[in-house]
Amino acid sequence: MQFFALLTRNTEKFSDADFAPLLPGEAEQRRTLYAQGAVRQMWNRGDIPGSGMMFEAADEKEVRGYLATLPLVERGMMDIAAVVPLNPYPGFGPKR
């Protein structure tokens with residue numbers, strides 16, 4: 001099943017300087033999740049600092065487990081705004 005996770009940086013408590021040393025490790029862990037097939041796609045948010053991630057997982061608990069491995073999430077510097085389960089859009093199915 002696919003899930004969309006929406007993440008926001010906790011910029012009220014942490015500065016850009018706080019984030020900077022952790023970004024290489026964050027990127028490496030995201031690449032690892034992608035290589036494992038857990039993450040399908042990733043985006044940077046265009047509205048506020050943060051990201052969106054498309055996951056392939058059995059359930060929300062599994063997605064949250066993957067997110068918990070991200071250094072920024074581990075340190076409370078990235079908040080999980082939402083984890084949304086996705087269902088196929090029926091409008092592209094066979095016509096009746």
Side-chain angles (χ1 to χ4, degrees):
M1 182 172 190
Q2 291 188 325
F3 293 83
F4 186 75
L6 190 60
L7 307 170
T8 57
R9 281 192 185 188
N10 191 344
T11 56
E12 292 179 14
K13 292 184 182 178
F14 301 97
S15 69
D16 287 344
D18 295 325
F19 285 101
L22 298 174
L23 295 179
E26 179 80 8
E28 181 62 30
Q29 181 58 18
R30 287 175 181 235
R31 282 191 294 271
T32 298
L33 292 173
Y34 181 81
Q36 292 172 346
V39 172
R40 296 290 186 134
Q41 291 181 289
M42 289 177 264
W43 302 267
N44 284 329
R45 290 183 63 165
D47 56 347
I48 60 173
S51 60
M53 300 174 74
M54 182 75 67
F55 283 89
E56 190 72 40
D59 54 32
E60 182 176 334
K61 183 178 178 181
E62 185 177 1
V63 173
R64 288 185 180 276
Y66 291 134
L67 289 168
T69 69
L70 298 174
L72 295 180
V73 172
E74 285 178 328
R75 289 168 178 79
M77 298 172 78
M78 182 84 78
D79 297 324
I80 303 167
V83 175
V84 181
L86 301 172
N87 294 316
Y89 178 69
F92 295 126
K95 293 184 180 182
R96 294 184 176 174

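Here the structure is a predicted model, which means the values were calculated and not measured.
Across Ala20 and Pro24, no two heavy atoms sit closer than the pair O-CD, 3.6 Å. For the pair Gly76 and Asp79, the tightest heavy-atom approach, listed with the atom from each and the gap, is O-OD1, 4.3 Å. Shown here for Val63 and Ala57, the closest heavy-atom pair between the two residues is CG2-CB, 3.6 Å. Arg45 and Ser51 make their closest contact through CG-N, 3.5 Å (heavy atoms, listed as atom of the first residue, atom of the second, distance). The two residues Ala81 and Thr8 come nearest to each other via the heavy atoms CB-CG2, 4.4 Å.
Using a 4.0 Å cut-off between charged nitrogen and carboxylate oxygen, Asp59 and Lys61 do not count as a salt-bridge pair.
No side-chain heavy atom of Val84 sits under 4.5 Å from any side-chain heavy atom of Leu6. Proximity of Phe55 to Leu67: side-chain heavy atoms (C-beta onward) are separated by under 4.5 Å at one or more points.
Residues passing the ring pair (Phe, Tyr, Trp, His ring centres under 6.0 Å) test with Phe4, sequence neighbours excluded: Trp43. Listed by chain and residue number, Leu72, Arg75, Met77 satisfy the side chain to side chain contact (heavy atoms under 4.5 Å, CB included) test with Leu22 (two or more places apart in sequence, or in another chain).
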**OP:** Begin with the C-alpha distance, continue with both residues' side-chain angles, and end with the deciding distance and a verdict on side-chain contact (heavy atoms from CB on, under 4.5 Å) for Met1 and Asn87.
**Re:** CA-CA 8 Å; Met1 182 172 190; Asn87 294 316; 3.9 Å; yes
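For the atom pair OH of Tyr66 and CD of Gln36, the computed distance is 6.5 Å after rounding to the nearest 0.5 Å. Between the CG atom in Asn10 and the CG atom in Asp18 there is a gap of 10.0 Å [rounded to 0.5 Å].
Under the 4.5 Å side-chain heavy-atom criterion for grouping Ile, Leu, Val, Met, Phe, Trp and Tyr, Ile80 is not connected to Met54 through any hydrophobic cluster. Hydrophobic clustering of Ile, Leu, Val, Met, Phe, Trp and Tyr side chains at less than 4.5 Å, counting indirect connections, unites Val39 with Leu23. Val83 and Tyr34 fall within a single hydrophobic cluster, where Ile, Leu, Val, Met, Phe, Trp and Tyr side chains are chained together by heavy-atom contacts under 4.5 Å.
Just one of Gln29, Glu74, Arg30 meets the side-chain hydrogen bond (donor to acceptor under 3.5 Å, both in side chains) condition when paired with Thr69; it is Gln29. Residue Phe3 forms a side-chain contact (heavy atoms from CB on, under 4.5 Å) with just one option from Glu60, Arg40, Arg64, Glu56, and that option is Glu60.
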